[in-house]
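Accompanying notes for the structure given below.
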Amino acid sequence: MKMYDAGKIIVGIIVFVTLITFPFWYNRGKAAPSPKPKLLTREKECVEPTPYMKTSHMRLLNEWRNSVVREGNRLYISSNGKKYSMNLANTSLSDSCMGCHSKKAEFCDQCHNYVGVKPYCWDCHIEPKEKR
Amino acid sequence: MGVSRRNFLKIAGISLLGLGAKPAYDVFAGRDLPEFAQGEEAREAKRWAMVIDTRKCRDKDGCQDCILACHRAHNVPDVGNSRQEIKWIWTEPYENAFPNQEHEFLEETLKHRPVIVLCNHCDDPPCVRVCPTKATFKREDGIVMMDYHRCIGCRFCMAACPYGSRSFNWGDPRRAPKEKNPDFPTNPNFPTRTKGVVEKCNFCEERLVAGLLPACVEACKEKALIFGDLGNPDSDVRKVLRSHYTIRRKPGLGTGPAIYYIV
Amino acid sequence: MLEKALTGSQRYWGWIISLLILIGVGFSFYLLQFTEGLKITGMGRDVSWGFYIAQFTFLVGVAASAVMVVLPYYLHNYKAFGRITILGEFLAVGAVSMCLLFIIVDLGQPIRLFNVLLHPTPNSILFWDMIVLNGYLFLNIVIGWVVLSAERNAVSPPSWVKPLIYLSIPWAVSIHTVTAYLYCGLPGRGFWLTAILAPRFLSSAFASGPAFLIILCLIIRRLTRFDPGREQIQTLAKIVTYAIILNGFFFLCEVFTAMYSHIPEHMHHFEYLFFGLEGHGILVPWMWASVLLAVLAIILLINPATRRSESVLAVACVAVFASTWIDKGLGLISGGFIPSPLGHVTEYWPTLPEALIALGVWGVGFLILTVLYKIAVSIKEEIGA
């Protein structure tokens, strides 16, 4: 199998690789300034330290749902020893995600719209009703 | 917590591989592993089971209490199409609930007696055996669970279940006809499902951890549904089983249902 | 070698474009299914698998064609088949690609497909089916391509493909066996719960695959300068003859066991398919057509005079293909689900969108097949085979 038009192929490959890696090098070095999500809660601290929550809340949620659904646990013991209900959307529990961050639109969505993620969780989990 | 540890390492490994290499070393805020606990009021059992006293059921008089309670508690919509309907608990005529145990000269009251049916939470569940992603699995207390986050919708479990206990979301449950589901979702604290996943009775696992009885059991005014721990000789189910003749659906298949019937 | 697929007659391009249109229609309906969910199909609680899974099951059979040419050539040193092994292998590639697509269009949550790999579950037969199908696809692409390149350059194929070729033989058996195990290990589905299911899958596969290959050979001879060969076609015809007779025999074994034992869970399904149950019998004419086609094919194939006439043989092969398609592509799945384990009869028939999506998948398979055959035949023409 000979290589016809080797030049063209190589140029093609370079263009292709450049295109698919565009998002990576485009953002290189820039620390995207994050928006200010409204907290709207009387509590002082989140389940885990804020910097950790900022970067890794989705991983925590994954752990939670596996622990709840697959192992039948309901309580999470945080690194400073406090207990929280492992629950995403139940607002009757004051220590669930949405129990504290009850205004999804102004908290979760604020960030997510900015970074362009749309967690599919809300296809099933029910968004808390906006209370006035 | 063995499973959790393994899953956790797997997730950490996957994130290390590329999804987000940086945050992976401050996992769990300085701890290696997260810690979990059961709810404080949680009811526990060696083996959850149910006895259904079909003699007490008033379905013929139009009673739907257990069915409505369950479907409201779990946001099961009426999709308005019997072919693609979703149901966790419903009634079947005696001859369909117990095929091959009917005969021509059956006692009159038994002949068309409605029988409450639901997931049997089998000892050896064929649905669990066939699931290619472990989206359906059996817990240590006998409850056969669905992990809706993981189900790919292949419906192998539906082919495997000999009791027709599984429903598939052929469409989006939230788009079920409004006139049939005016106040859907009926329970804001329990998630709905999406199109494309299989669902079924979960023995009200979410109520058991909160110290409650299953919604159907609680709703039945006739006390026709008895729920309890088979592993405890003094439990309600064991008492009823000791004093009554009971049968199970399709015992010959060896699935070992945890739902017993008094007929 | 791919460049061979890019030059062709007007007829070739016309065919490719018609396939692309078919695929386009199927794909747009798939987008509808993707957004609306599987409710646009005729399936439901009681018949929870339908046309898609049935096509998948049938096509696993067609993929067997490869082994029926590879085995005599490599294990029995039957030289004549050297000319057409590539046709069998490329047919397998097209068929297995369709199988995989049919599984994907049947999924409720196709984007979560990779959960099967993320959470590997060896006790699920579907997990094994993924492995054997992908493995078979891989084997046939590699073997076909390498052997064809070697042939083009007039050298003998590299020695490392030999083990792969030998591996592909039991592997072909495995794809049918595992596919049959999807069904025959389910309690409460009396129609499938029979040890003869896997052997019957194999026999019907070894009939339908080579029958289709004969038809393809006849078309190739008509349309190109490459002649797959009379002897080759006749040998394939004998294989089809044995396989379809065996298939009939296995079928009768099944019918006997179900009907003579009178066990309702086993008998009702046959009653539904061949006579109808509780006034429902949408498949009755189809099932009898399948039987008659099989009988016709056996008569035409058994008789040496008719078998040797290539035009009669073509008719017989179409009959075999149609008969096995009805049997597996319509009867097997519906028949297994009706009546339901609770004794309800809910009939199933594919909806138009469902049928068009299925047709689109067939289109993809035929496109792959056409391109691969175009390459293979062009090279055969080039080297003057």
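Here is the naming used below: chain letters follow the sequence lines, and residue numbers restart at 1 for every chain.
- Between His119(C) and Asp147(B), the closest side-chain pair of non-hydrogen atoms is not below 4.5 Å.
- Using a 4.5 Å cut-off between heavy atoms, Ile111(C) does not touch chain B at all.
- Both the backbone and the side chain of Ser48(C) come within less than 4.5 Å of a heavy atom of chain B.
- Arg129(B) places no side-chain N or O within 3.5 Å of a backbone atom of Ser124(C) that could act as its donor or acceptor partner.
- With a 4.5 Å cut-off on non-hydrogen atoms, Met130(C) does not touch chain B at all.
- Atom OH in Tyr183(C) sits 8.0 Å away from atom CZ in Phe156(B) (nearest 0.5 Å).
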Checklist line | Stepwise side-chain contact (heavy atoms from CB on, under 4.5 Å) test for Asn169(B) and Gln109(C) | finding: CA-CA 11 Å; Asn169(B) 286 279; Gln109(C) 287 281 337; over 6 Å; no
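- Side chain of Arg189(C) to backbone of Ala159(B): a donor-acceptor contact under 3.5 angstrom is found.
- When heavy atoms are compared at a cutoff of 4.5 Å, Val128(B) approaches chain C solely by way of its backbone atoms N, CA, C and O.
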Next item on the list: For side-chain contact (heavy atoms from CB on, under 4.5 Å), just list the numbers for Arg45(C) and Gln84(B), CA-CA rounded to whole Å, side-chain angles, deciding distance to a tenth of an Å, and then say yes or no.
Entry: CA-CA 5 Å; Arg45(C) 272 186 84 82; Gln84(B) 298 185 335; over 6 Å; no
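- At a threshold of 4.0 Å, the pair Arg175(B)-Glu36(C) counts as salt-bridged, since one of the basic side-chain nitrogens sits closer than that to a carboxylate oxygen.
- Asn100(B) contributes atom CG, which lies 4.5 Å from atom CD of Glu265(C) (distance to the nearest 0.5 angstrom).
- Looking at Phe34(C), the atoms closer than 4.5 Å to chain B (heavy atoms on both sides) all sit in the backbone: N, CA, C or O.
- Comparing Pro162(B), Gly171(B), Pro132(B), Ser82(B) by heavy-atom pairs within less than 4.5 Å of chain C, the highest count is held by Pro132(B).
- Within a 6.0 Å sphere centred on OH of Tyr181(C), heavy atoms belonging to other residues, nucleotides or ligands number 12 at most.
- Listed options Gly42(C), Gly37(C), Gly44(C) were ranked by heavy-atom pairs under 4.5 angstrom with chain B; first place goes to Gly44(C).
- For Lys134(B), the parts lying near chain C are the backbone and the side chain together; criterion is any non-hydrogen pair under 4.5 Å.
- More than 12 heavy atoms of other residues, nucleotides or ligands lie within 6.0 Å of NZ in Lys111(B), so this atom counts as buried by the packing criterion.
- Heavy-atom minimum distance, Ile152(B) versus Val116(C): CD1-CG2, 3.7 Å.
- Looking at Arg155(B) and Leu38(C), their side chains come closer than 4.5 Å, going by heavy atoms from C-beta outward.
- More than 12 heavy atoms of other residues, nucleotides or ligands sit less than 6.0 Å from atom CZ of Phe251(C).
- More than 12 heavy-atom neighbours from other residues, nucleotides or ligands sit within 6.0 angstrom of CD on Gln101(B).
- In this structure, Trp90(B) places its CH2 atom where more than 12 heavy-atom neighbours from other residues, nucleotides or ligands lie under 6.0 Å away.
- For the 3.5 Å distance criterion, the side chains of Thr346(C) and Arg83(B) fail to qualify, holding no donor opposite an acceptor.
- Taking every heavy atom of both residues into account, Pro341(C) and Pro99(B) meet most closely at O-CG, 3.9 Å.
- Put simply, of Asp129(C), Leu117(C), Ile125(C), Asn123(C), the one with the most heavy-atom pairs under 4.5 Å next to chain B is Asn123(C).
- When all heavy atoms are compared, the tightest approach of Leu126(C) to Cys154(B) is CD2-SG, 3.7 Å.
- Only the backbone of Tyr163(B) comes within contact range of chain C, with heavy atoms under 4.5 Å apart.
- Heavy-atom distances place the side chain of Leu186(C), and not its backbone, under 4.5 Å from chain B.
- Taking 4.5 Å as the limit, some side-chain heavy atom of Arg249(B) sits within range of a side-chain heavy atom of Leu342(C).
- Although no hydrogens or angles enter the test, the distance criterion places no donor-acceptor pair under 3.5 Å between the side chain of Asn115(C) and the main chain of Thr133(B).
- Here Cys131(B) is the residue among Cys161(B), Cys131(B), Pro126(B) with the most heavy-atom pairs under 4.5 Å with chain C.
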